[in-house]
Visitor: 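The structure that follows is given in the form of structure tokens.
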Amino acid sequence: MPDTTFTPEAAIDHLRAQGVVPPDADATARSLGGGVSNHVHQVTWDDDCLVVKRPLPNLAVEDDWPADVERVHNEAAAIRAYDAILRDAAVEARVPRVVSETHEPDHVVAIECAPDGATMWKTDLLDGRVDAGVAAAVGEVLGVVHDAASTDDDVRERFASKRPFEQLRVDPYHRTTAERHPDVADAIHAEIDRLLDTSRTLVHGDYSPKNVLVDPDGAVPWILDFEVAHWGDPAFDTAFMLNHLYIKSIYNHGQHAAYADAADRFWTAYDDAVDWDIERETVAELAVLMLARVDGKSPVEYVTRDAVADALRRVAKRTLRGDAETLPEFAALARDEADAL
Ligand SMILES: Nc1ncnc2c1ncn2[C@@H]1O[C@H](COP(=O)(O)OP(=O)(O)O)[C@@H](O)[C@H]1O
Ligand SMILES: [Mg+2]
């Protein structure tokens, strides 16, 4: 059942009750939609604009997928952590400022809007506009945040709970996929154990092109959507982003080389910004995530051709069986499948 209890008008009322929208202001609101896990509305008045986000207790996918609504506070805390690190490091990237946060009766946050005309990077990528410069910027941002957060004890304590990560990622992606593919279940369970045993830094948890907005005036990316943030394995984030680029490289196989180059640029920029080497971990996680985005609880909506889904399954399973351990080896498997389509 869709949860229709938080309408765009309710978002205006919420901001008025918080004293954020003045009583005499003429405010309008529209749903930004898109997300499966939240009501997200944009409210504008005078020259102001905010995005209001309220989590759904049950995610809008075909399968049953419950999750705690307190995760929205995780989001606000992670935005603040990212903001502090990016400002300190003087990196050309932004996160939206948190303007209000309420706990009772509604768990809601309101955040600054990205500039007018900013586009979702996913839309550009699916339309075949593959800007490797954005990929490099997004890789650098992730590396800088992973590196700086790894030595921050306050951040480690604040994000110690892996509950949002288990509810929103490990259960619906990894465990569901293991159940649906018994032939590689052992390898997936080994990867789950490795993932959950690794606690190194602040992990975004949803670092995908859908959560990157590109400013129309330049390459400054806006990073969004932090509800799955937790202290854990940095390879989850690198694998998550690379997964989206490689899935698109097979889906839109005519432009395979452009997506593969973007993936390379992302990885190189990330790797330059951190002290550790997580290439093998990234490949191991990438294999599980690729299979999960075909057969887990949240499959990518644009892979509708069986031939593409099968190609993705083959890349994932060959990697899980040990055919690829490095990113160039993984890239070669993806390229062979793209060439054959
Ligand atoms: N601060 C913002 N400025 C502009 N657009 C935003 C902002 N926050 C979210 N959006 C838009 O709303 C969509 C859904 O928001 P998001 O935080 O990603 O929620 P969900 O967790 O449901 O995916 C984003 O993909 C983006 O297009
Ligand atoms: Mg999102």
Side-chain angles (χ1 to χ4, degrees), residues 74-98 121 132-162 164-165 169 191 194-209 211-215 218-245 262-286 289 326-328 330:
N74 210 47
E75 165 131 25
I79 288 178
R80 293 184 182 108
Y82 258 68
D83 194 34
I85 292 170
L86 292 175
R87 278 175 202 278
D88 257 16
V91 172
E92 291 269 329
R94 286 286 317 273
V95 294
R97 197 167 40 89
V98 179
W121 191 34
V134 175
V138 165
E140 184 194 6
V141 167
L142 187 66
V144 165
V145 173
H146 278 178
D147 185 64
S150 68
T151 52
D152 188 325
D153 291 340
D154 293 338
V155 172
R156 190 185 64 224
E157 266 170 50
R158 171 62 185 81
F159 294 95
S161 169
K162 285 201 167 76
F165 183 57
R169 295 288 172 265
E191 172 56 15
R194 192 201 63 71
L195 187 62
L196 292 178
D197 278 351
T198 309
S199 293
R200 250 179 157 169
T201 192
L202 177 63
V203 177
H204 181 288
D206 201 357
Y207 205 69
S208 82
N211 291 324
V212 172
L213 299 179
V214 183
D215 189 325
V220 180
W222 279 62
I223 311 297
L224 305 174
D225 206 355
F226 300 78
E227 63 189 350
V228 196
H230 63 281
W231 191 261
D233 181 9
F236 183 82
D237 282 340
T238 48
F240 206 80
M241 183 60 81
L242 288 171
N243 187 36
H244 284 282
L245 296 172
D264 260 3
R265 293 280 303 278
F266 166 80
W267 174 256
T268 305
Y270 176 84
D271 198 40
D272 284 350
V274 295
D275 284 337
W276 50 59
D277 174 7
I278 56 167
E279 181 172 350
R280 278 166 196 262
E281 293 85 345
T282 297
V283 173
E285 181 58 21
L286 183 49
L289 289 176
T326 65
L327 283 169
F330 183 90

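Everything numeric here is computed off the predicted structure, so don't read it as measured data.
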Visitor: Would you name the heavy atoms of Val144 and Ala89 that are closest together and state the gap between them?
Guide: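 Of all heavy-atom pairs spanning Val144 and Ala89, the closest is CG1-CB, 3.6 Å.
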Visitor: Once you round to the nearest 0.5 Å, how far does CZ of Arg200 lie from CD of Glu281?
Guide: 7.0 Å
Visitor: Closer than 3.5 angstrom, by distance alone: can the side chain of Thr198 be matched with the main-chain N or O of Asp233 as a donor-acceptor pair?
Guide: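 Looks like no, no N/O pair under 3.5 Å.
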Visitor: Got a second to check how far Leu224's CG is from Ile79's CD1, nearest 0.5 Å?
Guide: 8.0 Å
Visitor: Students often mix this up, so state it plainly: with edges at 30° and 60°, are the rings of Phe236 and His230 parallel, tilted or perpendicular?
Guide: perpendicular
Visitor: Between Met241 and Val138, which heavy-atom pair has the shortest distance, and what is it?
Guide: CE-CG1, 3.5 Å
Visitor: Does any non-hydrogen side-chain atom of Leu327 lie less than 4.5 Å from one of Val283?
Guide: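 The answer is yes; the side chains approach within 4.5 Å.
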Visitor: Does Glu285 reach the main-chain N or O of Leu195 with its side chain, forming a donor-acceptor pair under 3.5 Å?
Guide: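 No, Glu285 side chain to Leu195 backbone: no donor-acceptor pair under 3.5 Å.
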Visitor: For the backbone of Asp147 and the side chain of Ser150, can you confirm whether one donor and one acceptor N or O come within less than 3.5 Å of each other?
Guide: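 Present.
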Visitor: Can you name the nearest heavy-atom pair linking Ala149 to Thr201, along with the distance?
Guide: CB-OG1, 3.5 Å
Visitor: Just verifying a value: how many Å separate Asp88 CG and Asp83 CG, rounded to the nearest 0.5 Å?
Guide: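 Between atom CG of Asp88 and atom CG of Asp83 there are 10.0 Å.
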Visitor: To the nearest 0.5 Å, what is the distance between CZ (Phe226) and CG (Asp206)?
Guide: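 Answer rounded to 0.5 Å: 10.0 Å.
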Visitor: Just one of Thr326, Leu242, Asn243, Asp271 clears the side chain to side chain contact (heavy atoms under 4.5 Å, CB included) bar with Thr282, so which one?
Guide: Leu242
Visitor: Taking all heavy atoms of Ala137 and all of Pro221, pick out the closest pair and write down the distance.
Guide: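 Between these two residues, the closest heavy atoms are CB-CG, 4.2 Å.
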Visitor: State the CZ-OG distance between Phe240 and Ser208, to the nearest 0.5 angstrom.
Guide: 5.5 Å
Visitor: Please tell me if the side chains of Val141 and Tyr207 come closer than 4.5 Å, counting only heavy atoms from C-beta onward.
Guide: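 Of all side-chain heavy-atom pairs linking Tyr207 with Val141, at least one is under 4.5 Å.
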Visitor: Could you walk me through whether His204 and Tyr82 pass side chain to side chain donor-acceptor pair (under 3.5 Å), step by step?
Guide: CA-CA 9 Å; His204 181 288; Tyr82 258 68; 5.1 Å; no
Visitor: Report the distance from atom OG of Ser199 to atom NZ of Lys162, rounding to the nearest 0.5 Å.
Guide: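 Atom-to-atom, Ser199:OG and Lys162:NZ are 3.0 Å apart.
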Visitor: Checking Val203 against Phe165 for the side-chain contact (heavy atoms from CB on, under 4.5 Å) test, could you report, in this order, the C-alpha distance in whole Å, the side-chain angles of both residues, the deciding distance, and whether it holds?
Guide: CA-CA 10 Å; Val203 177; Phe165 183 57; 5.6 Å; no
Visitor: Specify the closest pair of heavy atoms between Leu202 and Ala81, including all atoms of both residues, with the distance to one decimal.
Guide: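 Closest heavy-atom pair between Leu202 and Ala81: CD2-CB, 4.0 Å.
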